[in-house]
Student: 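My questions will all concern the structure given below.
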Amino acid sequence: MIHQFKYQTPFISFGFGVTQKTVTAGTPLTIWLVTLYNESEYTFSLTGGGGAINAVSNYEYSISNLSRGTYTFSMRVTTKDKHTSLDSNVLTLTIT
Amino acid sequence: MALILYINGQLADLDAGQVIAQTKQVNDLNSLENRQANYTNKFNLPKTANNVRIMNFLTVPGNQSDIPYTQNSCSLYSETGECFVYNGWVVVTDGGDSYEAVVYDGIIDLYKSIENTTLASLGLDEIDHTKDPDTVKASFTSDSSLPYRYILADYNGKTGATNSILPEVNIDYLVPSVNVAWLWDKIFEKYKMQYEGAVFKTENFKNLWMTYPKGISSSEGETEVLNINTYSFPKSGIVKYEAYYFKTAKTDTYDPTVISIAPTTHIKVSQAGRYRIEIEGTINASYSPMVLLGKNGEQMNAANVPIVHNFGLAIDKKPFKFSYGIDLEAQDSICVILKRRDRDRSFRLEGEKDTASIKLTKLSVNNFSFSTAFTDFSTSDFMYEVVNRFGLTLYKDKYTNMYRFLTLQEQLQSAVINWSEKFSKAVSQNYIYGSYAQRNWFKYTYNDKEAAHNDGFLDVANLNLPDSKDVVKSKIYSPEKNFVKYLNGQGNVYKLWDKEAVDNPENGEDPVTYKPLDKRYYFLRANVVNQPVTLKSTAGVSQASSPVAVVESYYKMKFGDVMHDYYSALKSILSKSLVVTAELWLTDNDVINFDFSKLYYIEQLSGYYIMNKINNYVPGKVTKCELVHVPYSTIGLNFEPKTITLGTFIRYNQRFMSIPYSANYDTGTLVVQSSVNQVIWTDMRSAAASPVVVQVGGLKGTTIYLRINDIDNSIQSSLITMLL
């Protein structure tokens, strides 16, 4: 049980559990980390896209400056001892 | 071993060898019904001159001491100066030859601070406002810093034409919702405390809103203050006018406390407020002049009066009917004017067949006062709602007013501390856990007392426990069981009005009346969608258009979802519950610096434990501790989010396809839905079994999006994009 919680896979979404999204350029976007982690024990890194990722917190990221195209985002959650990295699901974003 | 005790900043005398047994705890896993503070056993304070003085001469004949009735701070130190309790509370009673006292600390400060307070005491005046289409629209912008939003939903009122292609929402039957995170901040700000916790940064918390608790209709309390049925117009038809005042011939209804007519053309109001002016009639006028509303133009020529609204044209001999809502200050005057459309169209009036009437109605202002409405929701109830919904445990910093909130899940991810060397012996093992039953219910309040559709439960697999128990009874109402079509999609009904059918309605009378309900607090989420809407106030006769809409969602709000998201760890612990009472050799330092948020490993017990309670710590003696066993690994445990995963679909031709899918949870009602814009979704067919075959209609070249939606759980699969 401790093991399952310590090493559970991170789940990220565009909100409301949505993992694929098509929006027009300039639409404000937020990516949320849904899975809860003890922030004293892990570090968080969201990667992907071609624009700017602004971390509001470890659980909220605003995405901006994306031009037309399709982008993917994913998150890596790493234990503070750096022994274990947990990779999230992949989000797909299409900008039209 | 001597102890040092300060009461209200003064050093108190303790008997030599005085023992003060301390019990430390944060969140008793034995029960979900409350959260606990630390405390000491009762101990004696000798009635020395010093102690009597500290107690303001309590028990001395004629004393006026209020020590037993007030908050008395105290701090308790070991003889080496290490702090057991900092700024705790001491409760003093007389025990005869000596005073008796008990010391509390930990979360007691928080609960004492908010005791007997309501949310209204938070100073919510800053969000009191008047509702109109513009304020509703302003609350839609996603970067809005407003702590309230008008979330579009069916509140069981007169919703408007919400299901047309360009939906029109009647805002008269909307209420604002206040952001729960904002209220949470206000509580901690008001009581000068700080908080931290990962859960407060998540979407589930930040996008949680609480409705205004009662329906308020604009049409309630409307007062007709003026009704003029006859207007006089010149009968000659010879003179050409540039502009012409409506002049009264007769005043049928006239409330002199609100209205004065000055002299026959200007309607002056003595009370500030929002008014609706309605004009109708038929005028014989050449060149169809404009019908205008002027304001504060007394003593002016009709052509020069400042115009505030253009009603439209009075087309010759054609009936017209206009209305408009306007905010007026006391002593403002309004007038209605006919005015030529342009310089070449001065008009003639032939009053023989002219009719016109003007009605002025004072509207009850749509004032939403959270500071008044929230008077019946206690601050402690609100905090319990949040703490229970997110399965939180509170940890107070000993020296500051900082509160740390953790879920059990986060606690299980924390560092492990090896306390094997402190182990003395196991005293007992308990397999039946505290105050739980086999099925432990988390319940909403319902309009229909028999309903239970959004309740959830935590099962404990122990046949020796009672059958069933309500562990959390939320004061928050659940939306109705049945969905309605709203904004061309599926919507929940949050009842703030009751509908009543009118028997034999007269011509023009609404066949349904809407009775406002009170004390209905709902939690819901706000979903910003790219859906243009028109926001109309029927009563106030005004409107605004918005390119986006903020629509209700009940995503992860059912207690079943709450159980999955925040109580999986507790469920797992309870399913094979083992509570070991063990004697540990603890030092002052261990107790003073004890961290309940950590996991403890005890080799002699071959396992990992959460410390539930340190019972009656007395320096220099073994201490009985209550330890809850946590298995390191549990087979079959599923903490993953509920998801519907699509397999590789097979497209038979342009329009037919087979979609395989799977879900990692017990699904509710599944349907395949299609959309052309990912905003409005239409049900296509049931998806009770996988694979599901669908036929897609539409024009060639159209892009159609498909998904599988679990209606009961608000969970959707990823999208399939299909070009026809």
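Residue numbers begin at 1 in each chain, while the letters A, B, ... track the order of the sequences. Heavy-atom basis, side chains included; hydrogens, waters and symmetry copies ignored.
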Student: I want to check something: taking the side chain as every heavy atom from C-beta on, are T202(B) and L36(A) in contact at a cut-off of under 4.5 Å?
Tutor: yes
Student: Write down the atom of V416(B), the atom of K6(A), and the distance for their closest heavy-atom approach.
Tutor: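 Looks like CG2-NZ, 4.3 Å.
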Student: Can you tell which part of T22(A) gets under 4.5 Å to a heavy atom of chain B, answering side chain, backbone, both or neither?
Tutor: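 Contact with chain B involves both backbone and side-chain atoms of T22(A).
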Student: Taking atom CD of E603(B) as the centre, report whether more than 12 heavy atoms of other residues, nucleotides or ligands fall under 6.0 Å from it.
Tutor: no
Student: What part of N527(B) gets within 4.5 angstrom of chain A, counting heavy atoms only: side chain, backbone, both, or neither?
Tutor: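 When you check distances to chain A, atoms from both the backbone and side chain of N527(B) fall under 4.5 Å.
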Student: Passes side chain to side chain contact (heavy atoms under 4.5 Å, CB included), V34(A) versus K556(B)? Steps please.
Tutor: CA-CA 12 Å; V34(A) 176; K556(B) 294 198 170 190; 3.8 Å; yes
Student: Within the structure provided, determine whether K206(B) and E60(A) are in side-chain contact (heavy-atom separation under 4.5 Å).
Tutor: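 Answer yes - side chains close enough.
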Student: Give me the atom names and distance for the closest heavy-atom approach of Q8(A) to Q413(B).
Tutor: NE2-NE2, 3.5 Å
Student: Contact between F5(A) and L408(B) at the side-chain level, heavy atoms closer than 4.5 Å - yes or no?
Tutor: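 They are not in contact (no side-chain heavy atoms under 4.5 Å apart), so the answer is no.
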Student: Hey, which of I715(B), T721(B), V630(B) has the most heavy atom pairs under 4.5 Å with chain A?
Tutor: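 So the answer, after comparing I715(B), T721(B), V630(B), is V630(B).
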Student: What I'd like to find out is whether the side chain of F16(A) reaches to under 4.5 Å of the side chain of E203(B), using heavy atoms alone.
Tutor: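 When only atoms from C-beta onward are counted, E203(B) and F16(A) do touch, with a gap below 4.5 Å.
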Student: Taking all non-hydrogen atoms of both residues, which atom of Q20(A) and which atom of S718(B) are closest, and how far apart?
Tutor: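 Reported closest heavy-atom pair: OE1-CB, 2.5 Å.
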Student: Check whether V56(A) gets within reach of chain B through its side chain, its backbone, both or neither, counting any heavy atom under 4.5 Å.
Tutor: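 When you check distances to chain B, only side chain atoms of V56(A) fall under 4.5 Å.
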Student: Please look at L599(B) and chain A and tell me whether the side chain, the backbone, both or neither of the residue comes under 4.5 angstrom of a heavy atom of that chain.
Tutor: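 Just its side chain gets close to chain A.
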Student: Taking side chain as C-beta onward, heavy atoms only, is R404(B) less than 4.5 Å from S40(A)?
Tutor: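 Of all side-chain heavy-atom pairs linking S40(A) with R404(B), at least one is under 4.5 Å.
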Student: Taking the side chain as everything from C-beta on, heavy atoms only, tell me whether K201(B) gets closer than 4.5 Å to E39(A).
Tutor: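 Heavy-atom side-chain distance check passes, below 4.5 Å.
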Student: Is chain A contacted by the side chain of T407(B), its backbone, both, or neither, given a heavy-atom distance below 4.5 Å?
Tutor: side chain
Student: Does any N or O in the side chain of Y555(B) come within less than 3.5 Å of the main-chain N or O of G17(A), such that one atom is a donor and the other an acceptor?
Tutor: yes
